Structures are given as C-alpha cells and as structure tokens.
There are 2 protein chains.
Amino acid sequence: MTDHKEYLDQHGIKKTKQRILILNILSQAENIMTVEEIYLELSKQGVVISLSTIYRIMELFLAKGLVVKSIIPGNNKGVFSLKRLEHNHHLICLKCKKTVALKGCPLTEFERNVEQQTEFNIVDHNLELYGYCNKCK
Amino acid sequence: MTDHKEYLDQHGIKKTKQRILILNILSQAENIMTVEEIYLELSKQGVVISLSTIYRIMELFLAKGLVVKSIIPGNNKGVFSLKRLEHNHHLICLKCKKTVALKGCPLTEFERNVEQQTEFNIVDHNLELYGYCNKCK
DNA sequence: TTGCGAATGCTAATAATTTGCATTCGCATC
DNA sequence: GATGCGAATGCAAATTATTAGCATTCGCAA
C-alpha cells in the first residue's frame with residue numbers, strides 16, 4: 001500500500017493531510033490502536049492532530065469500511081485496525097494487553113452457513129481471541 | 001438453569017438479591033443486553049437496582065466467566081450475554097440493531113491452532129457477525 | 001441473635017467520545 | 001496563480017458511559 005492518496009480516492013474519501021497521516025500510521029501499525037495511541041504516534045512524528053479530528057476520521061474510515069473497530073476487555077476504549085487485503089484478527093493478552101496479529105480468518109464458511117439459516121446479508125464480523133501470553137500465563 | 005442460587009455458589013459468587021435478579025434476566029434474555037437495558041427490564045419487574053451496582057455485578061460476572069462482553073458498532077456501550085452451556089455468538093443488524101443468537105461456535109479448532117503457533121494460552125474469544133436483516137437489506 | 005466483612009445505593013468524579021462553531025483547507029473554476 | 005465554496009479541522013464545551021468514595025445495609029457464619 002504505497003500510495004495512500006489513491007487508496008482514499010478509491011473509497012470516495014477526500015484527501016486531507018490528516019487523513020493521509022493517519023492512514024500511514026495505521027498501515028504501518030502491526031496491531032490495533034486506540035485513538036490515543038494514534039495521537040501519540042503522530043506526536044512522535046512531530047504532528048499534532050486534534051483528538052476530535054482523529055475520532056471523526058476513524059468514524060469515517062469505519063463507515064467506509066477501511067477499518068475495523070473493537071474493544072479490549074477491561075479497557076473501555078475503542079481500538080482500530082486497518083482492514084488488510086488478507087483479512088485477519090488479533091489475540092490479546094488479558095494481563096499485559098499485548099496483542100498479536102494472526103494470519104487468516106476461519107470464518108468464511110461459517111458466515112455462508114449463517115447467511116442461509118438467517119436470511120441476513122452478512123457484511124462483516126468482529127473476532128478477537130483472549131488469553132495469556134507465555135510471560136503472563 | 002432453574003436454580004440460579006446454586007449456579008452462583010458453584011462459581012464462588014456470594015448470593016445477593018440483586019445478583020440473582022440480574023442472573024434471572026440474563027438467563028431469560030435471548031440476546032445481548034446493555035447495562036441500561038438490564039436496568040429497564042428490572043424496572044418493568046418493579047425492581048430498582050442502582051446502575052453502579054449493575055455495573056459492578058456485570059464486572060464480577062465477567063471476571064468469573066459467567067458472562068461475555070462486547071460492543072455494538074456505532075454504539076459505545078458494553079453489551080453482555082450469559083455464557084450458555086452451548087457457547088454461541090450473535091449476529092447484529094447494522095441498521096435496526098436487531099440481534100440474533102446463533103447456534104454453535106466455529107472456533108474451537110482455530111483456537112487450538114493459534115495456541116500452538118503463538119504459545120498463548122487462549123481462554124476466551126469474542127465474535128460477532130454484522131450484516132443486514134431481511135427487512136433492512 | 002449478633003457481628004463482621006462484603007455488597008449496595010447514592011452522589012460525585014472520570015474518561016472516552018461527540019458536538020457547535022469559527023477558522024482553514026482542498027479543489028474546481030476562472 | 002487567484003478566487004470561492006463546501007467540506008474538514010481545531011478548539012472548547014457538552015454528553016455519555018463507566019467508575020469511585022463513602023455511608024448504610026445485607027448475607028451468612030458463629
């Protein structure tokens with residue numbers, strides 16, 4: 001994903017400096033990030049974007065399907081990650097909150113079954129695994 | 001689950017009127033509930049339990065593993081559902097927010113694989129499916 | 001029945017997120 | 001390149017969900 005400007009175009013999102021910066025950060029992040037972490041990462045790069053703008057941009061990315069939102073239990077904050085070409089999920093340590101990105105998603109077939117059973121049109125899902133990492137267990 | 005008092009005992013949770021009432025509501029609920037919905041359901045039954053107590057009880061149930069917590073997107077509230085003997089997940093309509101409980105869980109095998117790959121000890125997961133119900137699609 | 005620690009309810013505090021509004025930006029048009 | 005308009009941003013204030021402090025009450029064992 002080298003050209004984020006075009007990526008925004010493709011999704012019908014107007015290009016702004018802030019959106020491109022945030023998209024950069026998300027695309028370089030290995031793991032899920034809170035709004036605050038995005039803010040801090042921007043700060044490290046010497047950029048300040050107001051929190052409300054970050055919230056608005058994440059909401060926009062979410063609505064446009066660029067991003068997935070979930071929560072970490074025991075932590076009332078939204079976390080976001082970019083939807084990759086190869087869609088994936090995260091494993092979260094309940095003690096130290098470390099997160100690990102997993103390869104692949106086991107749900108494709110399950111979703112098809114559920115669509116048939118329920119007459120829903122399934123467009124997305126949210127999956128996180130919780131456990132204890134080898135240090136914390 | 002006819003005897004909730006014993007159920008609490010088994011999990012090392014002290015029995016109180018409030019906990020038993022909430023457990024009743026959760027066990028009769030087909031779907032996930034917010035703290036507010038629990039509060040309102042109690043009101044319908046002519047019972048008032050303070051919101052902070054409900055929060056505390058849900059936190060306790062969560063810690064003891066009686067309950068699963070997740071979020072509905074576009075809605076910054078925690079939602080809870082009782083862990084059933086037959087563990088399951090929910091499908092949520094992104095438009096009307098209707099939720100449907102699904103039978104079964106497709107993740108057992110996936111979790112075992114992930115445990116081997118990551119050296120995590122996986123204890124739980126969170127899965128919701130999103131889509132549009134037949135009225136909204 | 002009594003007593004103690006834990007649970008509850010109230011109110012106030014906190015933390016995350018959202019909103020209103022003035023300013024600035026992106027981009028199309030001249 | 002200059003101009004203009006609607007959309008995006010930043011700031012500060014408002015909201016909303018959730019948590020914490022503390023006095024009162026409850027559950028249960030002795």
Side-chain angles (χ1 to χ4, degrees), chain A residues 3-25 32-40 42-43 45-64 66-80 97, chain B residues 3-25 32-40 42-43 45-64 66-80 97:
Chain A
D3 196 333
H4 292 139
K5 297 183 184 176
E6 297 210 345
Y7 188 68
L8 290 179
D9 255 351
Q10 287 162 17
H11 288 265
I13 297 174
K14 195 163 152 187
K15 285 161 277 188
T16 68
K17 186 164 47 101
Q18 291 83 342
R19 290 172 182 176
I20 292 166
L21 283 163
I22 289 177
L23 191 52
N24 268 316
I25 285 183
I32 52 187
M33 296 183 84
T34 62
V35 163
E36 201 186 352
E37 285 166 346
I38 294 170
Y39 180 87
L40 292 174
L42 286 161
S43 299
Q45 304 180 6
V47 180
V48 175
I49 297 182
S50 106
L51 279 176
S52 48
T53 299
I54 302 177
Y55 276 107
R56 276 187 285 231
I57 290 176
M58 297 320 293
E59 194 182 338
L60 175 71
F61 284 2
L62 188 63
K64 296 289 185 180
L66 298 202
V67 124
V68 179
K69 178 179 183 180
S70 36
I71 43 160
I72 300 187
N75 200 345
N76 265 342
K77 301 177 193 178
V79 285
F80 298 89
K97 310 293 182 199
Chain B
D3 196 334
H4 292 138
K5 296 184 185 175
E6 296 211 344
Y7 188 68
L8 291 178
D9 254 352
Q10 286 161 17
H11 288 266
I13 297 174
K14 195 165 155 186
K15 285 161 278 187
T16 68
K17 187 165 47 103
Q18 291 83 344
R19 288 170 184 177
I20 292 167
L21 283 163
I22 290 176
L23 190 52
N24 267 316
I25 286 183
I32 51 186
M33 297 182 84
T34 62
V35 164
E36 202 187 351
E37 285 165 345
I38 294 170
Y39 181 86
L40 292 174
L42 286 163
S43 299
Q45 304 181 5
V47 180
V48 176
I49 297 182
S50 107
L51 280 176
S52 49
T53 298
I54 302 178
Y55 276 108
R56 277 187 286 230
I57 289 178
M58 297 320 294
E59 194 184 337
L60 176 70
F61 284 2
L62 188 64
K64 297 289 185 178
L66 298 203
V67 125
V68 178
K69 178 179 183 181
S70 37
I71 43 160
I72 299 188
N75 201 347
N76 264 343
K77 300 178 193 176
V79 284
F80 299 88
K97 311 291 182 201

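A note on names: the letters A, B, ... follow the listed sequences, proteins ahead of strands, and every chain is numbered from 1. On a predicted model such as this, the values are computed, not experimentally measured, just so you know. We use all heavy atoms of the structure for the numbers below, so side chains are in, but hydrogens, waters and symmetry mates are not.
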For residues [X] and [Y], determine if any side-chain heavy atom of one lies less than 4.5 Å from a side-chain heavy atom of the other.
X: B/R19; Y: B/L60; value: yes
X: B/M58; Y: B/I38; value: yes
X: B/T34; Y: B/F80; value: no
X: B/I22; Y: B/Y39; value: no

query = Which heavy atom of A/Q18 sits nearest a heavy atom of A/I57, and at what distance?
reply = CB-CD1, 3.8 Å
task = Quick one: closest heavy-atom pair of A/Q45 and A/L21, and the distance?
result = OE1-CD2, 4.4 Å
task = Can you sort out the partners of A/S50 under side-chain contact (heavy atoms from CB on, under 4.5 Å), two or more places apart, ordered by chain and number?
result =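 Checked A/S50 against side-chain contact (heavy atoms from CB on, under 4.5 Å); matches are A/S52, A/T53.
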request  = Tell me, please, which residues at least two apart from A/E59 pass side-chain contact (heavy atoms from CB on, under 4.5 Å).
outcome  =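 side-chain contact (heavy atoms from CB on, under 4.5 Å) list for A/E59, sorted by chain: empty.
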task = Produce a footprint string for nucleotides 14-20 of chain D: one letter per nucleotide, 5' end first; B if the base is under 4.0 Å from any protein heavy atom, S if only the sugar-phosphate is, - if neither.
result = ---SBBB
Just the table, please: protein N/O against nucleotides 27-30 of chain D N/O, every pair under 3.5 Å.
{"from": "D/dG27", "atom 1": "O3'", "to": "B/K15", "atom 2": "O", "distance (Å)": "3.3"}

request  = Could you pull out all residues at least two apart from A/K77 that satisfy salt bridge (Lys or Arg N to Asp or Glu O under 4.0 Å)?
outcome  =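 Salt bridge (Lys or Arg N to Asp or Glu O under 4.0 Å) check on A/K77 returns A/E36.
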inquiry  = For a side chain to side chain contact (heavy atoms under 4.5 Å, CB included) check, start with the C-alpha distance between B/F61 and B/L8, then their side-chain angles and the critical distance, and finish with the verdict.
reply    = CA-CA 9 Å; B/F61 284 2; B/L8 291 178; 4.0 Å; yes
note = Under a 4.0 Å heavy-atom criterion, DNA chain C is touched by chain A from C/dA16 to C/dC27
